[in-house]
S.K.: 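One structure follows; several queries about it will come next.
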Amino acid sequence: LCKFECDFRWCIRARVTRKTDIRNWSNKRGDGKLFSVDLMDESGEIRATAFNQECDRLYSVLQPKQVYLIRGGIIKVANRQFTSIDNDYELAFSSETQVEPCKDENVHKLPLLSFRFVKFDEIPRTNRKQLIDILGVVEKIGELEHKVARASQRELLKRDLFLIDDTKTAITLTLWGNEAENFKQHGHPIIAVKGVRISDFGGGVSLSTVGDGQIHVDPDIPEAHKLRGWF
DNA sequence: CCCCCCCC
């Protein structure tokens, strides 16, 4: 792979493990809209983003959990500050990008989910510049709270989840916006969350979600079954 | 090309 943006004739067969909503942005360089997908094949995972025309063209084509053949597009260096995906590169779809559903009978072998969990007792020593994946039992579900951001004066919705894992370490995870509002679980679900931020406010360590669509409740993965047995 | 992610 080259170190600058380039448009190779590459082809991958991969499952969509996460799809974001469409988001609009506006800054001094311009404005536009985008969505992104996380793609997984036998070798690992990579994030791909569709901007503007490609956002319109591909948003309804790419669906969560489905497998696609994807050809061509821009390969660029990933910024680990904004993803927990273990890949030095990211993709951006271009007008050259071709996407078609893959009907191959072997596609079921591609896993639905992929995580690199950090145990709670390791979080205090973990690099703050990278997002992490976490797995925990929800010991207590906080109420939905209304806040106002000091800097922007925006109204915020938040909800704290009080988690514990099998290192017997407790930690608080703060959900925001739709995720806070829509968390309607009861009892003690196990949650797996990809790409959470570590926060050091007030001397203690806590966690905060970024973005949307990444909380998996009672995921059907071996680590979750093991944690359920422990709890 | 996004990359803001907030509060105590």
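Every value quoted in this text rests on a predicted model; they were computed, and no experiment measured them. Here is the naming used below: chain letters follow the sequence lines, and residue numbers restart at 1 for every chain.
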S.K.: How long is the line joining CD of A:Glu143 and P of B:dC7, in whole Å?
M.R.: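 Going from CD in A:Glu143 over to P in B:dC7 covers 21 Å.
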S.K.: Nearest to the side chain of A:Trp25, heavy atoms from C-beta on, is which of B:dC7, B:dC8, B:dC3?
M.R.: B:dC3
S.K.: Rounding to an integer number of Å, can you tell me how far A:Leu144 CG sits from B:dC7 C1'?
M.R.: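 Taking atom C1' of B:dC7 as the reference, CG of A:Leu144 is at 13 Å.
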S.K.: Report yes if a side-chain nitrogen or oxygen of A:Arg150 is closer than 4.0 Å to either non-bridging phosphate oxygen (OP1 or OP2) of B:dC8; otherwise report no.
M.R.: yes
S.K.: Can you measure A:Glu145 atom CD to B:dC8 atom C1' for me and round it to whole angstrom units?
M.R.: 9 Å
S.K.: What integer distance in Å separates A:Asn178:CG from B:dC6:P?
M.R.: 16 Å
S.K.: So which nucleotide from B:dC7, B:dC8, B:dC2 ends up closest to the side chain of A:Thr49?
M.R.: B:dC2
S.K.: Output the single nucleotide from B:dC8, B:dC7, B:dC1 whose closest atom is nearest the side chain of A:Leu156.
M.R.: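 My answer, after comparing the listed nucleotides, is B:dC7.
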S.K.: Is the backbone of A:Glu90 close enough, under 3.5 Å, to the side chain of A:Asn87 for a donor and an acceptor to pair up by distance?
M.R.: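 Here the side-chain-to-backbone pair does not exist.
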S.K.: Starting the side chain at C-beta, find the nucleotide from B:dC6, B:dC3, B:dC2 nearest to A:Leu34.
M.R.: B:dC2
S.K.: Would you mind writing out the side-chain donor-acceptor pairs for residues 183-194 of chain A within the sub-3.5 Å range, not counting sequence neighbours?
M.R.:
| residue | atom | partner | partner atom | Å |
| --- | --- | --- | --- | --- |
| A:His188 | ND1 | A:Val138 | O | 2.9 |
| A:His188 | ND1 | A:Glu139 | O | 3.4 |
| A:Lys194 | NZ | A:Glu45 | OE1 | 3.0 |
| A:Lys194 | NZ | A:Ser114 | O | 2.5 |

S.K.: As a test of reading the structure: which of B:dC6, B:dC5, B:dC2 is closest to the side chain of A:Val210, going by heavy atoms?
M.R.: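 The answer is B:dC5, which lies nearest to the side chain.
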S.K.: Determine, for A:Arg228 against A:Asp218, whether the closest basic-nitrogen to carboxylate-oxygen distance falls under 4.0 angstrom.
M.R.: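 Here A:Arg228 pairs with A:Asp218 in a salt bridge, since their nearest N and O are under 4.0 Å apart.
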S.K.: Scan A:Glu90 against the nucleic acid and name what it touches under 4.0 Å (heavy atoms): base, sugar-phosphate only, or nothing.
M.R.: base
S.K.: I want to verify a distance call: between B:dC8, B:dC7, B:dC2, whose nearest atom is closest to the A:Phe201 side chain?
M.R.: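 Nearest to the side chain of A:Phe201 among the choices is B:dC8.
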S.K.: Strictly below 4.0 Å, N to O, side chains only: are A:Arg128 and A:Asp200 in salt-bridge contact?
M.R.: yes
S.K.: Classify the nucleic acid contact of A:Arg23 as base, sugar-phosphate or nothing, counting any heavy atom under 4.0 Å across all strands shown.
M.R.: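 Here A:Arg23 touches the bases of the nucleic acid.
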S.K.: Going by the rule salt bridge (Lys or Arg N to Asp or Glu O under 4.0 Å), which residues pair with A:Lys119 if we only count those two or more places apart in sequence or in a different chain?
M.R.: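 Only A:Asp166 meet the salt bridge (Lys or Arg N to Asp or Glu O under 4.0 Å) criterion with A:Lys119.
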S.K.: Considering residues at least two apart in sequence or located in another chain, which fulfil the ring pair (Phe, Tyr, Trp, His ring centres under 6.0 Å) criterion with A:Phe120?
M.R.: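 Listed in chain order: nothing, the list is empty.
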S.K.: With nearest nucleotides of DNA chain B determined for A:Thr209 and A:Ser206 from heavy-atom distances, which residue corresponds to the more 5′ nucleotide?
M.R.: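 Nearer the 5' end of the strand: A:Thr209.
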S.K.: Rounded off to whole Å, could you give me the CZ-to-C1' distance for the A:Phe35 and B:dC4 pair?
M.R.: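 These atoms are roughly 20 Å apart.
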S.K.: Is A:Lys158 side chain donor-acceptor paired with the B:dC7 base, going by distance under 3.5 Å alone?
M.R.: yes
S.K.: Sequence neighbours left out, what passes ring pair (Phe, Tyr, Trp, His ring centres under 6.0 Å) with A:His225? Give chain and number order.
M.R.: none
S.K.: Test of understanding: with ring pair (Phe, Tyr, Trp, His ring centres under 6.0 Å), list the residues that count as partners of A:Trp25, not counting sequence neighbours.
M.R.: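 Testing A:Trp25 for ring pair (Phe, Tyr, Trp, His ring centres under 6.0 Å), a comparison that skips the adjacent residues, returns A:Phe51.
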S.K.: Give the residues of residues 128-136 of chain A touching DNA chain B, defined as any heavy atom closer than 4.0 Å, sorted by residue number.
M.R.: none
S.K.: In residues 50-57 of chain A, which ones come under 4.0 Å of DNA chain B, going by heavy atoms?
M.R.: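 Output list: A:Phe51, A:Asn52.
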S.K.: Within this structure, what is the CD1-CZ distance for the pair A:Ile132 and A:Arg197, rounded to the nearest 0.5 Å?
M.R.: 11.5 Å
S.K.: Side-chain donor-acceptor contacts of residues 156-163 of chain A below 3.5 Å, not counting sequence neighbours, with atom names and distances?
M.R.:
| residue | atom | partner | partner atom | Å |
| --- | --- | --- | --- | --- |
| A:Arg159 | NE | A:Ala180 | O | 2.7 |
| A:Arg159 | NH1 | A:Gly142 | O | 3.0 |
| A:Arg159 | NH2 | A:Ala180 | O | 2.9 |
| A:Asp160 | OD1 | A:Thr174 | OG1 | 2.7 |

S.K.: Starting at atom CG of A:Asn79, determine the distance to atom P of B:dC5, rounded to an integer number of angstrom.
M.R.: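 One finds 14 Å between P of B:dC5 and CG of A:Asn79, rounded.
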S.K.: Less than 4.0 angstrom between a side-chain N/O of A:Lys33 and OP1 or OP2 of B:dC1, yes or no?
M.R.: no
S.K.: Counting only side-chain N and O atoms of A:Arg29, is one of them less than 4.0 Å from OP1 or OP2 of B:dC2?
M.R.: yes
S.K.: Let me know the distance between CZ of A:Arg197 and P of B:dC3, rounded to the nearest Å.
M.R.: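 Nearest whole value for this atom pair: 12 Å.
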S.K.: Among residues at least two apart in sequence or on other chains, which ones pass ring pair (Phe, Tyr, Trp, His ring centres under 6.0 Å) with A:Phe117?
M.R.: A:Phe115
S.K.: Calculate the interatomic distance between A:Arg159 atom CZ and B:dC5 atom P; express it in whole Å.
M.R.: 22 Å
S.K.: Over all strands shown, is A:Ser208 touching base, sugar-phosphate only, or nothing at heavy-atom distances under 4.0 angstrom?
M.R.: sugar-phosphate
